[in-house]
Protein chains: 4
Amino acid sequence: MSKSPDPARRSERSRQAVLEAARELVSEMGYAKVSIEAIAARAGVGKQTIYRWWRSKGAVIFDAFLALSQVGDSITLPDTGDIEADLKLVMRATVAEFADPGFEAPIRALTMEIVNDPDLAAQYREKLAGPVDEAKKARLRSAQRAGQIDADADLDLALELLYAPLFQRWLHRSGPLTPEYADALVDLALKALRPA
Amino acid sequence: MSKSPDPARRSERSRQAVLEAARELVSEMGYAKVSIEAIAARAGVGKQTIYRWWRSKGAVIFDAFLALSQVGDSITLPDTGDIEADLKLVMRATVAEFADPGFEAPIRALTMEIVNDPDLAAQYREKLAGPVDEAKKARLRSAQRAGQIDADADLDLALELLYAPLFQRWLHRSGPLTPEYADALVDLALKALRPA
Amino acid sequence: MSKSPDPARRSERSRQAVLEAARELVSEMGYAKVSIEAIAARAGVGKQTIYRWWRSKGAVIFDAFLALSQVGDSITLPDTGDIEADLKLVMRATVAEFADPGFEAPIRALTMEIVNDPDLAAQYREKLAGPVDEAKKARLRSAQRAGQIDADADLDLALELLYAPLFQRWLHRSGPLTPEYADALVDLALKALRPA
Amino acid sequence: MSKSPDPARRSERSRQAVLEAARELVSEMGYAKVSIEAIAARAGVGKQTIYRWWRSKGAVIFDAFLALSQVGDSITLPDTGDIEADLKLVMRATVAEFADPGFEAPIRALTMEIVNDPDLAAQYREKLAGPVDEAKKARLRSAQRAGQIDADADLDLALELLYAPLFQRWLHRSGPLTPEYADALVDLALKALRPA
DNA sequence: CCATAATCGAGACGGTACGTCAGGTCTTATG
DNA sequence: CATAAGACCTGACGTACCGTCTCGATTATGG
């Protein structure tokens with residue numbers, strides 16, 4: 001009765017080939033210039049096989065990089081007891097990641113999809129951002145317990161305060177992304193979150 | 001010597017028609033589904049006329065909304081002397097603007113272009129974000145003079161602290177955009193910017 | 001190894017639709033004004049389907065009329081034993097055909113292609129002119145056996161002597177095409193071919 | 001009141017430049033690929049100047065080669081008293097001309113125009129073919145007077161008999177164009193024209 | 001241990017849009 | 001006022017992909 005394909009019969013070989021081809025092509029020519037046709041050709045796969053298992057080009061590429069960054073069962077951020085030092089470490093790492101030209105294409109590709117497609121945005125929040133944010137909030141909660149951060153602080157807002165400026169600067173290319181920037185951002189955010 | 005078209009001979013009528021058609025079409029069907037072909041048809045203009053004066057679909061649409069939001073010679077933010085009240089007013093307005101479904105399509109369209117095209121990103125910063133940011137920084141400077149904000153604060157960073165969280169929440173649809181959110185954001189940011 | 005399309009997968013329905021559309025359009029508006037775009041539209045076929053199977057507009061139109069005039073396995077000209085009467089009959093028919101306004105457009109279209117494209121000229125000779133000429137030469141050979149024509153005559157040249165004047169007069173519109181003209185031409189040619 | 005341009009004001013310099021450019025371009029890239037735009041550019045002339053003075057691309061190109069082959073006030077064919085020898089001489093020359101690859105492009109260009117455009121065909125007959133044919137007929141008339149050709153022969157038909165086979169063979173590329181062919185053709189035609 | 005049904009690769013199909021070329025008209029400024 | 005220049009609208013070009021649709025040729029159970 002159902003018309004949806006039977007996942008049990010899905011060819012894992014084809015799935016992997018498609019995702020890998022997608023990753024390669026996005027890296028080589030940028031998100032916009034990648035076509036389903038090209039992915040199928042590179043993967044040695046029929047177009048129908050892609051259409052059978054993915055809703056759109058965006059979904060394929062999204063999956064491709066999702067699978068890549070798939071986080072383990074649980075992530076934990078460093079916790080030395082010094083929230084400032086720990087955050088600066090993490091933020092400097094994040095800055096470095098964004099500055100890496102190899103990450104440029106895929107992250108922008110992911111972002112494009114998220115801007116356009118609410119479904120993918122939800123999937124992104126659930127599968128990628130969510131777990132990471134949970135880990136970050138866990139570290140902030142630890143800082144709250146240690147009295148380094150206001151116990152009443154809204155941690156979602158706190159995360160935005162820390163990460164959104166960095167993300168926006170990268171997205172709009174509105175300024176340099178340096179370790180100093182990361183430090184300054186942490187300093188400022190922590191000032192905002194300081195216990196009353 | 002040059003082979004680029006002579007701007008003196010440009011038809012203002014055609015230029016306006018194209019920009020208006022672009023605006024209409026983006027509003028009606030969303031950025032992704034708009035084609036240069038459709039813009040030309042709607043504007044009653046030859047495709048070549050578009051290609052003569054714009055580099056890409058993105059450039060046209062960008063121009064269309066740029067022209068729309070083209071700010072007057074100078075923008076000034078309200079300055080009642082109370083930075084908190086003034087910022088909350090402005091931020092609530094910004095939140096309202098982002099929440100307005102009528103703005104959704106064009107702003108996402110603009111954002112898409114900026115993500116993809118460094119040239120347009122630069123143009124965006126120069127023509128749109130720049131002047132607005134200057135006005136915002138002017139208000140912050142006034143608050144610095146009034147001793148409401150740390151005199152040593154990096155105002156670029158301060159702006160990011162205020163606006164980036166809002167922008168990211170909208171972009172990723174990661175939370176509600178309410179007046180309360182605006183207030184909370186201002187409170188937090190001002191705490192970070194408070195004089196030492 | 002080859003990248004050319006697989007003829008086995010070719011859609012006969014599409015092929016027929018294209019050829020018919022081509023014939024109709026040439027008849028309606030003349031060769032020069034027919035476009036591949038129009039043929040595709042009329043045939044309810046994608047442009048690519050035409051480009052996949054034909055090299056050029058000329059090739060399509062050529063095929064269209066080739067298919068139309070496709071001769072059966074063998075053609076035989078009348079043979080009453082009187083070469084003069086038989087030839088006059090055939091030549092009068094040919095004259096009538098050329099004078100028929102309904103044949104004008106397609107024949108001129110075919111001729112245009114032949115003038116420009118050596119490949120199509122070869123195809124024309126092989127598929128259309130060749131078989132017909134063979135039939136004509138068979139009749140002349142019969143006349144040779146009957147002693148009505150010089151046994152040593154070069155039959156290719158003989159055919160040219162008979163048909164080229166008619167064709168040129170039609171092509172250049174340099175004179176009337178009447179039954180009398182046909183008769184006069186036969187008389188003259190037969191005089192040239194008379195046994196020594 | 002009239003809208004047609006005043007020929008008196010026509011720029012001879014422009015006219016020459018256009019015709020020369022047309023000739024060059026046809027020789028370089030073949031009739032079909034020449035555009036009015038290219039002719040104008042090469043001639044250093046505004047497109048309008050071409051449209052003002054010529055009806056179509058065909059008319060320009062036609063004019064270009066017409067001007068080139070413009071025959072002097074009168075042409076005369078050799079007349080040694082031996083019609084066979086004289087005709088063979090002329091026909092061999094004609095064969096050579098047709099076989100010359102340098103003549104190929106322009107003659108085919110002219111022919112294309114004539115096939116399609118009755119007006120140009122008329123012009124061709126009047127300005128080019130006509131005078132030449134008159135000269136040929138004059139030679140045949142001389143042969144009639146000398147008793148080498150039937151006095152009652154229709155000279156128009158006689159010309160066709162001589163030249164059409166050659167022309168058709170060239171047009172359809174249906175056989176080699178050699179001096180021997182010229183001779184054979186003359187022999188055959190003269191046999192047809194022999195006095196009774 | 002096959003039978004049979006879904007998936008697979010391939011790629012033709014009807015389409016839409018691309019970015020380019022040229023057609024023929026119109027405007028502008030020179031001479 | 002004809003000209004060189006070239007922008008304009010139009011329409012066709014030939015190409016790239018879209019998403020759908022057959023085709024055999026594998027698979028991979030489940031009867």
Side-chain angles (χ1 to χ4, degrees), chain A residues 3-15 17 33-41 43-53 55-57, chain B residues 3 5-11 13-15 17 33-41 43-53 55-57, chain C residues 3 5-11 13-15 17 33-41 43-53 55-57, chain D residues 5-11 13-14 17 33-41 43-53 55-57:
Chain A
K3 279 166 184 176
S4 51
D6 177 358
R9 302 196 137 228
R10 179 167 192 179
S11 157
E12 181 60 16
R13 148 189 287 276
S14 293
R15 193 182 140 266
K33 294 197 173 170
V34 172
S35 66
I36 290 200
E37 204 120 22
I39 296 175
V45 139
K47 279 201 288 177
Q48 200 56 246
T49 299
I50 296 186
Y51 284 108
R52 199 176 352 256
W53 302 109
R55 288 194 307 102
S56 64
K57 176 180 87 166
Chain B
K3 279 166 186 176
D6 177 358
R9 313 198 119 212
R10 180 166 192 179
S11 158
R13 151 189 286 275
S14 292
R15 194 182 138 266
K33 294 197 174 171
V34 172
S35 64
I36 289 200
E37 206 123 41
I39 296 174
V45 140
K47 274 199 289 178
Q48 201 60 243
T49 298
I50 297 186
Y51 285 108
R52 206 183 339 264
W53 302 109
R55 290 194 305 100
S56 65
K57 177 180 86 164
Chain C
K3 279 165 185 174
D6 176 359
R9 311 196 121 216
R10 180 165 194 181
S11 159
R13 149 188 288 274
S14 294
R15 194 182 138 267
K33 295 199 173 170
V34 172
S35 65
I36 289 200
E37 206 123 42
I39 296 174
V45 141
K47 274 201 287 178
Q48 202 61 52
T49 297
I50 297 185
Y51 284 107
R52 195 167 6 247
W53 303 108
R55 288 194 306 100
S56 65
K57 177 180 88 165
Chain D
D6 176 359
R9 300 197 143 236
R10 180 167 194 179
S11 156
R13 148 189 289 276
S14 293
K33 294 198 172 169
V34 172
S35 65
I36 288 200
E37 207 121 36
I39 295 175
V45 138
K47 276 201 288 176
Q48 201 54 248
T49 300
I50 297 186
Y51 285 108
R52 210 186 329 271
W53 302 109
R55 287 195 305 103
S56 65
K57 177 178 86 166

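Everything numeric here is computed off the predicted structure, so don't read it as measured data. Lettering follows sequence order; numbering is per chain, from 1.
At whole-Å resolution of the value, CD in A:E37 and C1' in E:dT16 are 14 Å apart. Look at CZ on C:R15: it is 19 Å from C1' on E:dG14, rounded to the nearest Å. Separating the NZ atom of A:K57 from the P atom of F:dC17 is a distance of 10 Å, rounded to the nearest angstrom. Between B:D6 atom CG and F:dA4 atom C1' there is a gap of 14 Å when expressed in whole angstrom units. Atom CZ of B:R55 and atom P of E:dG19 are 12 Å apart (whole Å). Going from atom CD1 of C:I39 over to atom P of E:dG15 covers 16 Å, rounded to whole Å.
Between B:S14 and F:dC9 there is a side-chain N or O to OP1 or OP2 distance below 4.0 Å. Regarding contacts with the backbone of F:dC8, a side-chain N or O of B:W53 is found under 4.0 angstrom from either OP1 or OP2. For the OP1/OP2 pair of F:dA2 and a distance below 4.0 Å, the side-chain nitrogens and oxygens of D:T49 include no atom meeting the criterion. Regarding contacts with the backbone of E:dC21, every side-chain N or O of D:S35 stays at 4.0 angstrom or more from both OP1 and OP2.
Comparing B:Q48 and D:V45 by the nucleotide of DNA chain F that holds the closest heavy atom to each, the one mapping nearer the 5' end is D:V45. Toward the 5′ end of DNA chain E lies the nearest nucleotide of A:A40, the other residue of the pair A:A40 and D:V34 mapping further downstream.
Closest to the A:Y51 side chain, of the nucleotides F:dA4, F:dT20, F:dT3, is F:dT20. With E:dG9, F:dC13, F:dT3 as the choices, the nucleotide that has an atom nearest any side-chain atom of C:I36 turns out to be F:dC13. With E:dC13, F:dA7, F:dA2 as the choices, the nucleotide that has an atom nearest any side-chain atom of D:R52 turns out to be F:dA2.
Distance CZ/B:R9 to CZ/B:R52: 11.0 Å, rounded to 0.5 Å.
The base of E:dG15 lies outside donor-acceptor range of the side chain of C:K47, with no N or O pair under 3.5 Å. Side-chain to base pairing of A:R9 with E:dT7: no donor and acceptor N or O lie closer than 3.5 Å to each other.
Taking each heavy atom of C:S56 and C:I36 in turn, the nearest pair found is C-CD1, 4.3 Å. Counting all heavy atoms, side chain and backbone alike, B:P5 lies closest to B:P7 at O-CD, 3.2 Å. Closest approach of C:D6 to C:W53, counting heavy atoms only: O-CH2, 3.5 Å.
Checking side-chain atoms of C:K47 against main-chain N and O of C:A40 turns up no donor-acceptor pair under 3.5 Å.
Residue C:R10 is classed as a sugar-phosphate contact, given heavy-atom separations below 4.0 Å to backbone atoms only.
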